[in-house]
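Below is one structure; the comments refer to it alone.
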Amino acid sequence: MASSSLHPSCLFKNSNKRKISLDSLPEDLLVEISSCTAASSLSAVRNLRLVSKTFRRTCDEKYVISRLSLHELTLLNWPQDPKRLSNFYKRCRRNGNPQALYLKGIINYFLRNQKHKGLKLLSKAAEKGNKEATYVYGLILICGGGRGIPEGPVSLEGETKQKGFKILSSLIKPSMSKTLEELVEIRDKIGSSIRWLGTPVMKELKEAYVPDKCRCDGRTNRFIAYNCAWHRYGEDNDMDTSSACEFCLWDHEVERFFE
């Protein structure tokens, strides 16, 4: 009886029992398989690299590295070989990995007093669709756009508070309840990956923030207060974000951000 075990690089058999090697697949398909695996988890792509030499090569493609998930690595939690991890992050940034850009931006802005460099990295990460970067970058612009303080929050040339609102608008969902759920999820991810809350930079941002005066009827604040308690709105009594007050929404997020 023929053995049923196959070499990892062989996945399929046709009707004639002929083995078809994964390595024989088109290059673009191999890269797509590798990139989808990389986007799922770091451990998954490590396992994929063990399948064959071809997958080790495709896993080193720029596109694959740019999609690599880094959620298994926590910021500032360095292993016994910090230089190796540092070089790994550098490689990810060179290949445009948005999560690596975001983490470096956080370190530069909040911990190393390199605010301009930090903002540039956060801006790049936000442009690539990283939600945590979009949230932090947008709130920095909102706070820094309030008023200037010596050696305090800075923004890149031409970046204003209004631009901060525009950046944050990409996080808004059609309904307010879904928007608030999304923002809570983002805050939780940020809080679990960074440890700079309460630093002098956070204090500077908080002091620089000037709430915008709005003339809304207060419905947005009432909805947020009710929704963020033990209650949750259903579809019948939800609020469309198109009718919500933008200033009240982001004023609430600034308060939560600095808690």
Side-chain angles (χ1 to χ4, degrees), residues 8-9 22-138 140-141 155-157 159 163 167-168 170-171 185-186 189-196:
S9 63
L22 280 172
D23 293 346
S24 67
L25 294 174
E27 180 72 13
D28 58 345
L29 183 55
L30 290 172
V31 171
E32 188 60 30
I33 292 173
S34 300
S35 67
C36 289
T37 303
S40 64
S41 72
L42 184 60
S43 57
V45 79
R46 282 174 177 166
N47 292 332
L48 184 62
R49 292 176 64 88
L50 300 176
V51 171
S52 67
K53 292 181 179 179
T54 299
F55 273 113
R56 282 199 295 273
R57 175 175 54 79
T58 56
C59 285
D60 288 334
E61 292 281 342
K62 179 177 181 179
Y63 175 64
V64 176
I65 296 176
S66 71
R67 295 193 63 192
L68 183 63
S69 172
L70 304 179
H71 288 298
E72 294 175 50
L73 299 175
T74 57
L75 188 65
L76 302 180
N77 186 17
W78 302 103
Q80 294 181 349
D81 190 356
K83 185 176 180 181
R84 183 179 178 184
L85 184 59
S86 178
N87 290 335
F88 171 73
Y89 273 122
K90 287 179 181 178
R91 185 183 181 193
C92 289
R93 291 196 299 273
R94 285 197 303 268
N95 287 277
N97 184 287
Q99 197 171 357
L101 294 170
Y102 159 70
L103 294 174
K104 183 63 173 178
I106 288 294
I107 291 174
N108 284 350
Y109 192 92
F110 291 97
L111 297 177
R112 293 183 177 172
N113 199 29
Q114 299 174 350
K115 296 186 177 70
H116 284 290
K117 290 183 179 180
L119 276 182
K120 287 181 180 179
L121 290 168
L122 290 173
S123 175
K124 288 181 181 179
E127 288 174 0
K128 292 179 177 291
N130 184 277
K131 291 183 179 180
E132 295 97 294
T134 300
Y135 183 90
V136 175
Y137 181 47
I140 287 174
L141 293 186
S155 59
L156 302 177
E157 184 177 355
E159 295 188 336
K163 182 175 181 179
I167 291 169
L168 289 168
S170 64
L171 302 176
E185 182 178 340
I186 292 172
K189 287 182 179 180
I190 293 172
S192 64
S193 63
I194 54 182
R195 300 174 181 177
W196 41 256

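Given the structure is predicted, the values throughout are model-derived calculations rather than measurements. Side chains are part of it too, since the values below use all heavy atoms of this structure and drop only hydrogens, waters and symmetry mates.
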Requested in this report: Taking all heavy atoms of Pro98 and all of Ser66, pick out the closest pair and write down the distance.
Outcome: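 Taking Pro98 first and Ser66 second, the nearest heavy atoms are CD-O, 3.3 Å.
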
How would you list, by chain and number, every residue that makes a side chain to side chain donor-acceptor pair (under 3.5 Å) with [X], sequence neighbours excluded?
X	value
Thr134	none
Ser34	Thr58
Asp60	Arg49, Arg91
Arg57	Glu27

Query - Any Leu101 side-chain heavy atom under 4.5 Å of Asn130 side chain - result: no

Query raised in the report: Do Asn87 and Lys83 have side-chain heavy atoms sitting under 4.5 Å apart?
Result: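 Side chain of Asn87 against side chain of Lys83, heavy atoms only: contact under 4.5 Å found.
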
Query raised in the report: Could you walk me through whether Ile107 and Tyr89 pass the side-chain contact (heavy atoms from CB on, under 4.5 Å) check?
Result: CA-CA 12 Å; Ile107 291 174; Tyr89 273 122; over 6 Å; no

Requested in this report: Run through Lys62, Glu61, Lys90 and flag the one making a side chain to side chain contact (heavy atoms under 4.5 Å, CB included) with Asn95.
Outcome: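 Only match with Asn95 under side chain to side chain contact (heavy atoms under 4.5 Å, CB included): Lys62.
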
Query raised in the report: Could you give all pairs that pass the salt bridge (Lys or Arg N to Asp or Glu O under 4.0 Å) test and reach residues 35-44, with sequence neighbours left out?
Result: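 As it turns out, there is no salt bridge (Lys or Arg N to Asp or Glu O under 4.0 Å) pair with a partner in residues 35-44 once direct neighbours are skipped.
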
Query - With sequence neighbours excluded, residues passing side chain to side chain contact (heavy atoms under 4.5 Å, CB included) with Ser35 - result: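 Once residues adjacent in sequence are excluded, the partners of Ser35 under the side chain to side chain contact (heavy atoms under 4.5 Å, CB included) criterion are Glu32, Tyr63, Val64, Arg67.
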
Requested in this report: Please identify each residue that fulfils salt bridge (Lys or Arg N to Asp or Glu O under 4.0 Å) with Arg93, with sequence neighbours left out.
Outcome: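 Residues passing salt bridge (Lys or Arg N to Asp or Glu O under 4.0 Å) with Arg93: none at all.
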
Query - Which residues share a salt bridge (Lys or Arg N to Asp or Glu O under 4.0 Å) with Lys131, sequence neighbours left out - result: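 By the salt bridge (Lys or Arg N to Asp or Glu O under 4.0 Å) rule, Lys131 matches Glu182.
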
Report task. Could you tell me whether the side chain of Thr37 and the main chain of Ile33 form a donor-acceptor pair under 3.5 Å? Result ->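 Checked: pair present.
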
Query raised in the report: Is there a donor-acceptor pair under 3.5 Å between the side chain of Asn97 and the backbone N or O of Ile65?
Result: yes

Distance, nearest 0.5 Å, that separates [atom1] of [X] from [atom2] of [Y]:
X	Y	atom1	atom2	value
Ile186	Leu171	CD1	CG	4.5 Å
Tyr102	Ile190	OH	CD1	4.5 Å
Ser43	Leu48	OG	CG	11.5 Å
Leu103	Asn108	CG	CG	11.0 Å
Leu119	Tyr137	CG	OH	6.0 Å
Leu70	Gln99	CG	CD	4.5 Å

Query - Lys53 and Arg56: CA distance, side-chain angles, deciding distance, side-chain contact (heavy atoms from CB on, under 4.5 Å) verdict - result: CA-CA 5 Å; Lys53 292 181 179 179; Arg56 282 199 295 273; 2.8 Å; yes

